[in-house]
Amino acid sequence: MSSTTHERATVTTEGADIVITRRFHAPARLVYEVMTTPEHVRQWWGAGYGTMTDCEIDLRVGGRWHFAQLSQGQEVSFSGEYLELDPPHRMVHTEKFDNLPDSEPSTIVTTFTEEDGVTTLHAVCTYDSPETVEQVVATGMEGGLQSSYDAIDDLLARLG
């Protein structure tokens with residue numbers, strides 16, 4: 001059971017972008033580590049929406065990642081490539097929903113800004129069109145995102 005008070009991420013859309021901002025009460029180096037280390041990702045990815053079945057991370061520029069989970073009897077899978085890494089300040093990667101093999105990957109630029117032990121995550125997710133953004137939002141992605149970020153909060157509290 002968690003005693004962590006969870007903040008909410010702000011999620012806005014603008015054209016082909018989804019912009020996410022969320023604060024974590026932990027240093028940037030720990031937030032970055034939790035988001036890029038398989039042993040930690042297994043504890044928060046898709047929290048409450050299934051069981052993670054695969055978590056591969058080749059954390060280097062040009063390296064690939066793959067996360068999969070079993071949800072309601074169906075495997076849901078995402079993958080991508082790391083384009084830029086500047087731990088613990090910035091990460092740029094692509095993301096593709098593997099269940100739709102013809103879909104275009106999005107590009108996600110994430111920055112981590114720490115002030116007084118609190119890290120603000122700011123992510124800009126750029127898709128191929130505003131219509132794709134509408135489809136992604138319609139999937140209920142924000143609920144899954146909030147649950148995953150809450151699980152990160154809980155993990156950070158245990159590690160802190």
Side-chain angles (χ1 to χ4, degrees), residues 2-13 17-71 75-99 105-127 133 136-137 139-160:
S2 170
S3 62
T4 303
T5 300
H6 301 294
E7 294 190 16
R8 301 281 298 169
T10 59
V11 180
T12 60
T13 62
D17 294 340
I18 296 176
V19 179
I20 302 163
T21 303
R22 173 77 189 285
R23 293 178 352 136
F24 296 97
H25 292 267
R29 65 161 185 76
L30 190 55
V31 175
Y32 195 95
E33 178 185 319
V34 162
M35 299 187 84
T36 58
T37 306
E39 69 186 75
H40 297 317
V41 173
R42 290 179 191 280
Q43 298 179 57
W44 61 263
W45 177 265
Y49 291 89
T51 303
M52 191 161 209
T53 56
D54 190 30
C55 179
E56 298 174 28
I57 296 175
D58 181 7
L59 192 62
R60 59 184 174 89
V61 173
R64 306 224 21 108
W65 64 273
H66 178 252
F67 301 162
Q69 71 181 131
L70 193 59
S71 177
E75 184 173 81
V76 178
S77 172
F78 293 86
S79 61
E81 177 180 355
Y82 294 103
L83 304 176
E84 293 180 39
L85 296 168
D86 180 19
H89 310 290
R90 178 178 162 92
M91 175 172 42
V92 180
H93 68 282
T94 62
E95 179 178 278
K96 182 174 176 63
F97 182 47
D98 298 327
N99 295 58
S106 61
T107 300
I108 303 172
V109 177
T110 307
T111 58
F112 303 85
T113 306
E114 181 181 343
E115 184 174 332
D116 297 328
V118 177
T119 299
T120 301
L121 174 150
H122 181 80
V124 178
C125 313
T126 303
Y127 293 86
V133 167
V136 169
V137 170
T139 66
M141 61 75 67
E142 186 174 349
L145 177 82
Q146 299 287 3
S147 293
S148 290
Y149 285 171
D150 290 350
I152 288 174
D153 263 343
D154 294 341
L155 178 58
L156 290 168
R158 290 193 305 272
L159 295 172

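Note that these values count all heavy atoms, side chains included, but never hydrogens, waters or copies made by symmetry.
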Do side-chain atoms of [X] reach the backbone of [Y] as a donor and acceptor pair under 3.5 angstrom?
{"X": "T126", "Y": "D17", "result": "no"}
{"X": "T119", "Y": "A28", "result": "yes"}
{"X": "S71", "Y": "Y49", "result": "yes"}
{"X": "T139", "Y": "V136", "result": "yes"}

Matching residue for F67 among W44, W45, F97 - test: ring-ring contact (aromatic ring centres under 6.0 Å, His included): W45
Side chain to side chain contact (heavy atoms under 4.5 Å, CB included) between M91 and L85, intermediate numbers included: CA-CA 5 Å; M91 175 172 42; L85 296 168; 3.7 Å; yes
Taking all atoms of both residues into account, what is the closest heavy-atom pair of [X] and [Y], and its distance?
{"X": "A9", "Y": "I20", "value": "CB-CG2, 4.2 Å"}
{"X": "D54", "Y": "M52", "value": "O-CE, 3.5 Å"}
{"X": "S77", "Y": "H66", "value": "OG-NE2, 2.6 Å"}
{"X": "R90", "Y": "Y32", "value": "O-OH, 3.6 Å"}
{"X": "T94", "Y": "W65", "value": "O-NE1, 3.1 Å"}
{"X": "D150", "Y": "H6", "value": "O-CE1, 3.0 Å"}

Matching residue for R23 among V31, T10, T120 - test: side chain to side chain contact (heavy atoms under 4.5 Å, CB included): T120
Passing candidate, side chain to side chain contact (heavy atoms under 4.5 Å, CB included) with Y82, options L59, D58, V92: L59
Distance from [X] atom [atom1] to [Y] atom [atom2], nearest 0.5 Å?
{"X": "H93", "Y": "E81", "atom1": "NE2", "atom2": "CD", "value": "11.5 Å"}
{"X": "Y149", "Y": "M35", "atom1": "OH", "atom2": "CE", "value": "5.0 Å"}
{"X": "L155", "Y": "R42", "atom1": "CG", "atom2": "CZ", "value": "13.5 Å"}
{"X": "H89", "Y": "E84", "atom1": "NE2", "atom2": "CD", "value": "13.5 Å"}
{"X": "L30", "Y": "F112", "atom1": "CG", "atom2": "CZ", "value": "11.5 Å"}

Side chain to side chain contact (heavy atoms under 4.5 Å, CB included) between T113 and H122, worked out: CA-CA 8 Å; T113 306; H122 181 80; over 6 Å; no
SB check D98 K96 (cutoff 4.0 Å): no
Any side-chain donor near an acceptor of the partner, E7 and H25, under 3.5 Å: yes
Residue pair I152, R22: steps toward the side chain to side chain contact (heavy atoms under 4.5 Å, CB included) verdict: CA-CA 11 Å; I152 288 174; R22 173 77 189 285; over 6 Å; no
Validation row: H40, L159 side chains within 4.5 angstrom (heavy atoms): yes
Derivation of the side chain to side chain contact (heavy atoms under 4.5 Å, CB included) call for V34 and F24: CA-CA 11 Å; V34 162; F24 296 97; over 6 Å; no
